[in-house]
Colleague: 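Take a look at the following structure, please.
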Amino acid sequence: MAISVGKYIIETEQDARKGKIWNVRVHKKGLLKRLVSSDWFLDERQAGEFAQQSANALNNNSDADLIKKRKPGWTLLRPDH
């Protein structure tokens, strides 16, 4: 799934080679896509919520300052049972 927000693209995908992990990447559009951030999640719901939060942040702020400032990486939230 991909969300286009102004100068940015937010991609959510599950890579079967890496198991059940979901990845949310934010790219800046241009001649070449430049990776702004990459975050990993344990399930699709968490990844989707994070992608939507990122889209909302980019809609409210034309630059990706908030996304660039936080440290990307694993976001390990235990799934609800």
Side-chain angles (χ1 to χ4, degrees):
M1 176 177 99
I3 302 171
S4 181
V5 181
K7 301 182 277 185
Y8 299 92
I9 298 171
I10 302 167
E11 297 175 329
T12 304
E13 69 178 3
Q14 182 182 32
D15 188 345
R17 295 173 294 165
K18 296 176 182 168
K20 296 183 178 185
I21 302 302
W22 285 82
N23 185 242
V24 177
R25 292 185 189 96
V26 178
H27 297 275
K28 186 169 184 178
K29 296 177 190 176
L31 188 56
L32 299 172
K33 285 194 314 187
R34 184 175 55 88
L35 184 64
V36 174
S37 72
S38 178
D39 293 272
W40 298 84
F41 297 86
L42 295 175
D43 63 28
E44 182 179 14
R45 181 189 57 80
Q46 291 173 357
E49 287 176 4
F50 182 78
Q52 191 58 53
Q53 289 172 357
S54 297
N56 292 341
L58 290 170
N59 274 331
N60 293 333
N61 181 6
S62 62
D63 198 3
D65 287 337
L66 296 173
I67 292 173
K68 289 178 187 175
K69 286 180 184 176
R70 67 175 176 70
K71 293 186 178 187
W74 286 95
T75 305
L76 297 175
L77 302 174
R78 185 180 192 121
D80 295 333
H81 295 298

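What you see is a predicted model; the values in this text were computed from it and never measured.
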Colleague: Could you state the interatomic distance from CE (M1) to CD (E11), rounded to the nearest 0.5 Å?
Modeller: 10.5 Å
Colleague: Quick one: pull up CD in E49 and CG in D43 and give me the separation to the nearest 0.5 Å.
Modeller: 8.5 Å
Colleague: Quick one: OH on Y8 to CZ on R34, what's the gap to the nearest 0.5 Å?
Modeller: 7.0 Å
Colleague: Within this structure, what is the CD-CD distance for the pair Q14 and E44, rounded to the nearest 0.5 Å?
Modeller: 7.5 Å
Colleague: What is the distance from atom OG of S37 to atom NZ of K28, rounded to the nearest 0.5 Å?
Modeller: 13.5 Å
Colleague: Which heavy atom in V24 sits nearest to a heavy atom in A47, and how many Å separate them?
Modeller: CG2-O, 3.5 Å
Colleague: With rounding to the nearest 0.5 Å, note down the distance linking CD in Q53 to CD1 in I10.
Modeller: 10.5 Å
Colleague: Say whether, by atom type as modelled, one donor and one acceptor occur between the side chain of K29 and the main chain of G6 under 3.5 angstrom.
Modeller: yes
Colleague: Do L42 and I21 have side chains that approach each other closer than 4.5 Å (heavy atoms only, starting at C-beta)?
Modeller: yes
Colleague: Run the side chain to side chain contact (heavy atoms under 4.5 Å, CB included) check on R25 and K33 step by step: do they pass?
Modeller: CA-CA 11 Å; R25 292 185 189 96; K33 285 194 314 187; over 6 Å; no
Colleague: Are any of the side-chain heavy atoms of I3 and Q52 separated by less than 4.5 Å?
Modeller: yes
Colleague: Under a 3.5 Å distance rule, please check whether D39 uses its side chain to pair with a backbone N or O of N23 as donor and acceptor.
Modeller: no
